[in-house]
Structure formats: C-alpha cells, structure tokens
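All of these numbers come straight from a predicted model, not from anything done at the bench. This chain uses plain numbering: 1 for the first residue, then up along the sequence.
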Amino acid sequence: MNIEEYQKFVKEGSSPKYTKQLAVIGLIGEVGELSDVIKKESIYDDMSKFEEKYNMSVNDKIVDEAGDVFWQFINLIQQYGVSLEQIINSNVDKLMRRHSGNKVSRDGGKR
C-alpha cells in the first residue's frame, strides 16, 4: 500500500463524528502508548519478560504502536484538509532554507 492509498484507507475507516479535537487527543494517547513501550524496554532487565507479557518482540510492539500513531496523525491532518505529501514537501523546504549544504545540522540550524 502506498501513502495515498493509506490516506484513503484512514479516511474511509474514520468515523464521520471524528473531530479535530478527538484526532489530536487520539494522537497524544497513541504517542503515550509508544513512549510507554520505550520506557518499558529501558526498565526490563530481561526482554523475554517483555515479550512474554506482550506476546511480541519490542520491535514488533514498536511497529504496532507506531502504526497507531501514524493512523491518528493522518486522521488529524485530514481534518485540516492537508496531505502527508504537503507536510513532507513543506518540511523539506523549511529545512533546506534553514541549513546550508543541503544537510540538516545537529544544532537545529538558523532559526
């Protein structure tokens, strides 16, 4: 599935009652779940306990939670009539203006 197909998939799968506010709350919640996986990875001395609890590897759990984050993010931007392609192009343009040599610098560039 490509990005355009995924965006359509999200749009078709979202409730018509889903508002901008619900989309951002959903995104925040999913980012919290993703960060919780990373926190637990740092806590567990033995990752087999993590895998036993979740019945999947840390990487698989990251993919699972990141997918939920991505769904909510796409849903949110669609609430504003914005596409992922627009965001990517705008971000690249901003970073290219901010950083010299067509390379993003670690110091955040000129703001």
Subject >> Greater than 12 external heavy atoms within 6.0 Å of Asn55's CG >> reply: no
Original post:
How is the hydrophobic cluster of Leu22 composed, in terms of its other members, when Ile, Leu, Val, Met, Phe, Trp and Tyr link through side-chain heavy atoms under 4.5 Å apart, directly or indirectly?
Top reply: Tyr18
**OP:** Not counting sequence neighbours, list each pair that qualifies as a salt bridge (Lys or Arg N to Asp or Glu O under 4.0 Å) and has a residue in residues 65-84.
**Re:** Lys61-Glu65
Original post:
Heavy-atom count around Glu52 CD within 6.0 Å, excluding the residue itself: above 12?
Top reply: no
**OP:** Could you go through the side-chain contact (heavy atoms from CB on, under 4.5 Å) check for Met96 and Asp93 one step at a time?
**Re:** CA-CA 5 Å; Met96 296 298 276; Asp93 289 346; 5.7 Å; no
Subject >> Other residues, nucleotides, ligands: >12 heavy atoms within 6.0 Å of Tyr6 OH >> reply: yes
**OP:** Kindly give the cluster partners of Ile43, where membership spreads through any ILVMFWY side chain lying under 4.5 Å from a current member.
**Re:** none
**OP:** Working to the nearest 0.5 Å, report the span between CG of Leu84 and CD1 of Ile74.
**Re:** 4.5 Å
Subject >> Pairwise salt bridge (Lys or Arg N to Asp or Glu O under 4.0 Å) hits with a residue in residues 8-36, at least two apart >> reply: Lys8-Glu12, Asp36-Lys39, Asp36-Lys40
Subject >> Same apolar cluster: Val63 and Leu27, side chain cutoff 4.5 Å >> reply: no
Original post:
Residues in side-chain hydrogen bond (donor to acceptor under 3.5 Å, both in side chains) with Asn59, at least two apart?
Top reply: none
Subject >> Steps toward side-chain contact (heavy atoms from CB on, under 4.5 Å) verdict (Phe70, Val10) >> reply: CA-CA 10 Å; Phe70 197 58; Val10 170; over 6 Å; no
**OP:** Could you pull out the closest heavy-atom pair between Ala23 and Gln79, with the gap in Å?
**Re:** CB-CG, 4.2 Å
Original post:
Step by step, would you call Glu51 with Met56 a side-chain contact (heavy atoms from CB on, under 4.5 Å)?
Top reply: CA-CA 5 Å; Glu51 293 171 4; Met56 63 177 69; over 6 Å; no
Subject >> Min side-chain heavy-atom separation Ile38-Ile62 under 4.5 Å >> reply: yes
Original post:
Counting only heavy atoms not in Gln86, do more than 12 sit closer than 6.0 Å to its CD atom?
Top reply: yes
**OP:** Determine the minimum heavy-atom distance between Asn75 and Ser14, stating which atoms define it.
**Re:** ND2-OG, 2.5 Å
**OP:** Mind checking the OG-CD spacing from Ser57 to Glu41? Nearest 0.5 Å is all I need.
**Re:** 10.0 Å
Subject >> Donor-acceptor pair, side chain of Glu5 and main chain of Asn2, under 3.5 angstrom >> reply: yes
Original post:
Who are the ring pair (Phe, Tyr, Trp, His ring centres under 6.0 Å) partners of Phe50, not counting sequence neighbours?
Top reply: Tyr44, Tyr54
Original post:
Quick one: does Phe73's side chain get under 4.5 Å of Ile87's, heavy atoms only?
Top reply: yes
